[in-house]
Amino acid sequence: MSKCTDEFKLKVVKYCLERNHNKAEIWKYFNIPKNSRIKIWIQKYREHGAEGLIKRQKSSYSVEFKEKMIE
């Protein structure tokens with residue numbers, strides 16, 4: 001599993017916090033790789049709630065806009 005959806009991350013975080021499981025138990029229960037960023041997901045959830053787990057799309061600006069801003 002290379003990319004995790006926002007919903008999946010929320011499910012994992014809630015499982016961890018509500019049942020107080022450690023990362024090893026979570027890796028096994030959800031069958032996710034050990035290099036997954038569970039600790040970071042939990043930190044973002046604690047700081048920003050569910051909104052903290054949502055991927056933000058990077059802004060993309062046109063060449064014309066960039067040139068105009070430089071001038």
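All values derive from a computational prediction rather than experimental measurement.
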> Is there a path of hydrophobic side-chain contacts, each under 4.5 Å between heavy atoms of I, L, V, M, F, W or Y residues, that connects Leu17 with Ile38?
Replying inline: yes

>> If I take atom CG from residue Leu53 and atom CD1 from residue Ile40, how far apart are they, to the nearest 0.5 angstrom?
In response: 11.5 Å

>> For Cys4 and Trp41: C-alpha separation, side-chain torsions, deciding distance, then whether side chain to side chain contact (heavy atoms under 4.5 Å, CB included) applies.
In response: CA-CA 11 Å; Cys4 298; Trp41 299 348; 3.8 Å; yes

> Would you say Lys44 and Val13 make side-chain contact, with heavy atoms under 4.5 Å?
Replying inline: no

> Mind checking whether Tyr45 and Lys9 have side chains closer than 4.5 Å, heavy atoms only?
Replying inline: no

>> Tell me the closest heavy-atom pair linking Trp27 and Lys34, and the distance in Å.
In response: CZ2-O, 3.1 Å

> Between Ile26 and Tyr15, which heavy-atom pair has the shortest distance, and what is it?
Replying inline: CG1-CD2, 4.2 Å

> With Glu67, which residues qualify under side-chain hydrogen bond (donor to acceptor under 3.5 Å, both in side chains), at least two apart?
Replying inline: none

> About how many Å separate CD1 of Ile42 and NZ of Lys14, when rounded to the nearest 0.5 Å?
Replying inline: 13.5 Å

> How about Tyr29 and Val12: do any of their side-chain heavy atoms sit closer than 4.5 Å?
Replying inline: no

